[in-house]
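Take a look at the structure below.
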Protein chains: 2
Amino acid sequence: MSPDMTASMEDYLESIYILNERKKHVRVKDMARQMNVKPPSVIEALKSLEKKKFVIHEPYGYIELTEEGLKMAKRIYKRHKNLKNFLSCVLCLDERTAESDACRIEHHLSKETLERVMGFMAFMDENQGKNKNAAMFRDFNVYFKSFGNR
Amino acid sequence: MSPDMTASMEDYLESIYILNERKKHVRVKDMARQMNVKPPSVIEALKSLEKKKFVIHEPYGYIELTEEGLKMAKRIYKRHKNLKNFLSCVLCLDERTAESDACRIEHHLSKETLERVMGFMAFMDENQGKNKNAAMFRDFNVYFKSFGNR
DNA sequence: TAAATATATTAGGCTTCCCTAATTTTGTCA
DNA sequence: TGACAAAATTAGGGAAGCCTAATATATTTA
């Protein structure tokens, strides 16, 4: 994504974005809970994100995304969503598994592959209404179910 | 996989296995080249793998897998291969991209998802001969190509 | 408003995984 | 076989990410 954004920093950034959707203000405590880390780890991450100009955070205050940070976070979030949908759609995974797996691999896919995933989802959308490919997915589903889905 | 196998250690183990297929003897130098790291990193990894009883390596000697190590390496390798095939098959990725992406995400997928990937590949194998689903994949391919494949 | 509680921050430490530079061992060949 | 080259190893260090314990600030409440 950005040259010097690590997987971990992407996660922290995404977490701010997601929390912002739900609550008016984002706090260290919230991020810590969501990311499953302790507050000092959040502080450390925030410092790094501030240095990169993605986040504004005055000591003891709320956490905000800069314009750049928001743009980046949206891209990361979209990527995440697409990946999750792809997994749950193609592999018939339940929501929870698709979610957590998407979370772990989203940072590690090439631009190329991500484009294909997006393309695949677009393809699915375009063709779902027309009921094309329905037979194939029915077959997949039956097959998956047969060896222990859910 | 194994509780205390990191992604990195899995890669080192896999690399020994792959090199063993090609050459009679595996050396530090070979691993370093293949893994794109410097020799001291290999040495360090080998020590860790020895402690886990996956590798036997007497100083300045060749590198060998234990029985356990071989079992583990085979599992890792199979997982890798399946993932690679899945990516290249479903997303119509070229070999190189499928290979390197598989490499990066193989450590991060849940048991559940890996089972599905394996299942998907089995499904494909079973149905390829019967020429089921052919229309769907043709469609995918056309679609992918249309927005800039290769 | 003062004490108690909650939250945030700092300090310092640990592990993993990589590195460079220096040293040791092994292998080669004149 | 002795010198040189190649390979392996050790020593030591750095970045990333996490942690706990201690401290500072903010918020709540009696």
Side-chain angles (χ1 to χ4, degrees), chain A residues 1-16 19-20 22-52 54-65 72 76 100 103-108, chain B residues 1-16 19-20 22-52 54-65 72 76 100 103-108:
Chain A
M1 217 104 199
S2 179
D4 50 355
M5 277 292 273
T6 63
S8 180
M9 287 307 122
E10 287 187 356
D11 281 334
Y12 281 107
L13 197 59
E14 189 180 10
S15 124
I16 297 171
L19 289 168
N20 238 330
R22 293 213 289 263
K23 314 184 109 195
K24 197 64 220 153
H25 297 299
V26 180
R27 318 182 113 283
V28 170
K29 176 187 56 148
D30 305 322
M31 289 182 65
R33 182 156 32 79
Q34 164 147 346
M35 297 277 303
N36 242 301
V37 297
K38 303 294 174 185
S41 305
V42 173
I43 296 287
E44 191 171 284
L46 288 176
K47 280 183 181 153
S48 165
L49 291 172
E50 277 189 282
K51 220 179 295 174
K52 295 182 174 70
F54 289 143
V55 159
I56 295 164
H57 176 226
E58 23 193 298
Y60 299 95
Y62 298 129
I63 297 152
E64 316 227 348
L65 294 173
M72 174 72 70
I76 292 168
S100 70
C103 217
R104 286 197 305 275
I105 66 175
E106 60 180 355
H107 315 286
H108 303 291
Chain B
M1 219 102 199
S2 178
D4 50 353
M5 277 294 273
T6 63
S8 179
M9 285 309 122
E10 288 187 357
D11 281 334
Y12 281 107
L13 197 59
E14 190 179 10
S15 125
I16 296 171
L19 288 168
N20 238 330
R22 293 213 288 264
K23 314 185 108 193
K24 196 66 218 151
H25 297 299
V26 180
R27 320 184 112 281
V28 170
K29 175 187 56 147
D30 304 322
M31 289 183 65
R33 181 157 31 80
Q34 162 146 349
M35 297 276 304
N36 244 301
V37 297
K38 303 293 175 184
S41 305
V42 174
I43 296 287
E44 191 169 284
L46 288 176
K47 279 181 182 156
S48 165
L49 290 172
E50 276 190 283
K51 220 179 295 173
K52 295 182 176 67
F54 289 143
V55 159
I56 295 165
H57 176 226
E58 26 194 295
Y60 299 97
Y62 298 129
I63 297 152
E64 315 228 348
L65 295 174
M72 174 74 69
I76 292 168
S100 70
C103 219
R104 285 196 306 275
I105 66 174
E106 60 179 356
H107 316 285
H108 304 290

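Convention: sequence-line order gives letters A, B, ...; per-chain numbering from 1.
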### Query
Does any non-hydrogen side-chain atom of B:Glu64 lie less than 4.5 Å from one of B:Val55?
no
### Task
Under 4.0 Å from any atom of DNA chain D, heavy atoms only: list the residues of residues 23-34 of chain A that qualify, in numerical order.
none
### Task
Look at the side-chain N and O atoms of B:His57 and state whether any lies under 4.0 Å from the OP1 or OP2 oxygen of D:dA8.
no
### Query
Looking only at heavy atoms, what is the nearest atom pair of B:Cys103 and B:Asp11, with distance?
O-OD1, 4.5 Å
### Task
Report yes if some heavy atom in the side chain of B:Glu44 is under 4.5 Å from a heavy atom in the side chain of B:Ser48; otherwise report no.
no
### Task
Please report, rounded to the nearest Å, how far the P atom of D:dT20 is from the CD1 atom of A:Ile43.
15 Å
#### Entry: d(CG, A:Leu46; P, C:dT9) in whole Å
8 Å
### Message
For a quick check, with a 4.0 angstrom heavy-atom cut-off, what is the B/S/- contact string for nucleotides 12-24 of chain C, read 5' to 3'?
### Response
-----BBBBB--B
### Task
Check the side chains of B:His25 and B:Asp30 for a donor-acceptor pair under 3.5 angstrom, ignoring hydrogens and angles.
no
### pair B:Glu14-B:Glu106: side-chain heavy atoms closer than 4.5 Å
yes
### Message
With a 4.5 Å cut-off on side-chain heavy atoms, are B:Leu65 and B:Ile56 touching?
### Response
no
### Message
Whole angstroms only, please: what is the NZ-P distance between A:Lys47 and D:dA15?
### Response
16 Å
### Pairwise side-chain contact, B:Met5 with B:Leu49, heavy-atom cut-off 4.5 Å (strictly under)
yes
### Message
I want to check something: taking the side chain as every heavy atom from C-beta on, are B:Val28 and B:Tyr62 in contact at a cut-off of under 4.5 Å?
### Response
no
